[in-house]
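Here is the structure we will look at.
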Amino acid sequence: MQTELPAKLTEIVEEFKWCEGREKLELLIQYAETLPPLPDWLQSDRSKMEPVPECLTPVFIHAEHSHGRLSFYFDVPPESPMVRGYAAIMRLGLDQATPEQVLKVPGDFYYEMGLHQVLSHQRLNGISAILAYMKQLAVKALETAE
C-alpha cells in the first residue's frame, strides 16, 4: 500500500517540520484551540461516537461517509490540549478524504512532524490509536459502500 498523505495533512506536517522544540508544543496547542465543538445532532446522540480506550484522555470519534468522502468528529476534553491538538490535526488533515486515503496514512507519520521529540511515548501511543480508529472507521465506510 502506498503511503502518501493527503494535501491538507502534508501542509500540516510541513508546518511542524519548521518548528523546533517547544514551538512544536505551542503549535499543537494552537491546533487544539481550532477543534470545533460537536454538532448538535452528535451532542444529542453520543451513542454514535466510538471511544478510543487506548488513550488515557477520554477521546471519542465519529465518521460520516457521504459521496465517497469522510468527515470526522472528535470529542476531547479541553483540559487535554495535546490530544485535542492532535485530534484537530487529524480532523483538518483528513476532512473530506476518501477512505482509501485515510488507510494510506502511515501509523507513525507523526515522526515526520517531530512530535516524538516533544511528546512522551505514552502520548504517542494514544495518537497512534486515534489514527488506528480512524482507519477502522474508513474500513467500515468501505464495507457499507459495497
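Keep in mind that this is a model prediction, so the values were computed, not measured. Quick note: numbers below take in every heavy atom, side chains included, and nothing from hydrogens, waters or symmetry partners.
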Task: Verdict with reasoning, V105 to E4, per side chain to side chain contact (heavy atoms under 4.5 Å, CB included) - done: CA-CA 6 Å; V105 175; E4 62 188 49; over 6 Å; no

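- Residues that satisfy the side chain to side chain contact (heavy atoms under 4.5 Å, CB included) test with E26, not counting sequence neighbours, are R22.
- Checked against side chain to side chain contact (heavy atoms under 4.5 Å, CB included), D45 has the following partners two or more places apart in sequence or in another chain: S47, K48.
- Within the model, atoms NZ of K135 and CD1 of I130 stand 14.0 Å from one another, a figure rounded to the nearest 0.5 Å.
- Both I29 and V59 are members of a single hydrophobic cluster when ILVMFWY side chains are connected at heavy-atom separations under 4.5 Å.
- You'll find the side chain of I12 stays beyond 4.5 Å of the side chain of L5, heavy atoms only.
- With sequence neighbours left out, E50 forms a side chain to side chain contact (heavy atoms under 4.5 Å, CB included) with I61, L137, K140.
- Residues L38, W41, L42, M49, F60 make up the rest of the hydrophobic cluster containing Y73, defined by ILVMFWY side-chain heavy atoms closer than 4.5 Å, directly or through other members.
- In this view, R69 satisfies the side chain to side chain donor-acceptor pair (under 3.5 Å) rule with no residue, not counting sequence neighbours.
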Please list every donor-acceptor pair under 3.5 Å in which a side-chain atom of residues 106-127 meets a protein atom from a residue at least two apart or in another chain.
unit_1, atom_1, unit_2, atom_2, d
Y110, OH, S128, OG, 3.2
S120, OG, R123, N, 3.1

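- Rounded to the nearest 0.5 angstrom, L25 CG and Q30 CD are separated by 11.5 Å.
- Every side chain to side chain donor-acceptor pair (under 3.5 Å) that K17 has, sequence neighbours left out, goes to E14.
- Nearest heavy atom pair, residue G68 against residue H65, reads CA-NE2, 3.6 Å.
- With rounding to the nearest 0.5 angstrom, the CD atom of E15 is 12.5 Å from the OG1 atom of T10.
- Considering only residues two or more places apart in sequence or on other chains, T57 meets the side chain to side chain donor-acceptor pair (under 3.5 Å) condition with S80.
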Sequence neighbours left out, cut at 3.5 Å: what donor-acceptor pairs do the side chains of residues 87-99 make with other protein atoms?
unit_1, atom_1, unit_2, atom_2, d
R91, NE, F72, O, 3.0
Q96, NE2, S71, OG, 2.7
T98, OG1, E100, OE1, 3.4
T98, OG1, Q101, N, 3.0
T98, OG1, Q101, OE1, 3.4

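- E54 is linked by a side chain to side chain contact (heavy atoms under 4.5 Å, CB included) to V52, A129, Y133, counting only residues two or more places apart in sequence or in another chain.
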